[in-house]
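We use all heavy atoms of the structure for the numbers below, so side chains are in, but hydrogens, waters and symmetry mates are not. As the structure is a prediction and not an experimental result, all values here were calculated from the model. The first residue in the sequence is number 1, and the count goes up from there.
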Amino acid sequence: MTIGGSLALIIIGAILAYAVDLDISGVDIRVVGIILMVGGLVGLIIGIVRIATARRRVPPPPPAVREERYYEDPPRRTY
């Protein structure tokens, strides 16, 4: 779950828990809202932990390579 999806769950859960006054037989809207908020909070924590650990796993760049080439001059011809 992404961080945006987690925030959306938290917002929808808060709306259901605190702003909606609806009575449905067999369903408590406030409990559904709280469940959505808790699920969004757990997803948000997991998303932040994944981002934090992914940044630490990047290996350092390899050391610079210095390459030297030595050439010998061809023998000179004398006439």
Rounded distance [0.5 Å steps], CD1 in I46 versus CD1 in I3: 11.5 Å
Taking all heavy atoms of L36 and all of G13, pick out the closest pair and write down the distance. CB-CA, 3.8 Å
Listed partners of A8 passing side chain to side chain contact (heavy atoms under 4.5 Å, CB included), at least two apart: none
Partner residues of V27 under the side chain to side chain contact (heavy atoms under 4.5 Å, CB included) criterion, sequence neighbours left out: I24, I29, V32
Partner set under side chain to side chain contact (heavy atoms under 4.5 Å, CB included) for L41, not counting sequence neighbours: I45
Mind checking what makes side chain to side chain donor-acceptor pair (under 3.5 Å) contact with E67, not counting sequence neighbours? R69
Pair L7, T2 - check side chain to side chain contact (heavy atoms under 4.5 Å, CB included), show working. CA-CA 9 Å; L7 291 176; T2 63; over 6 Å; no
Heavy atoms of G40 and S6 approach each other most closely as O-CB, 3.3 Å
Distance-only polar pair, side chains of E68 and Y70, donor-acceptor under 3.5 Å: yes
I34: which residues meet the side chain to side chain contact (heavy atoms under 4.5 Å, CB included) condition with it, sequence neighbours left out? A17, M37, V38
Grouping ILVMFWY residues whenever side-chain heavy atoms fall under 4.5 Å, the cluster of I35 otherwise contains V31
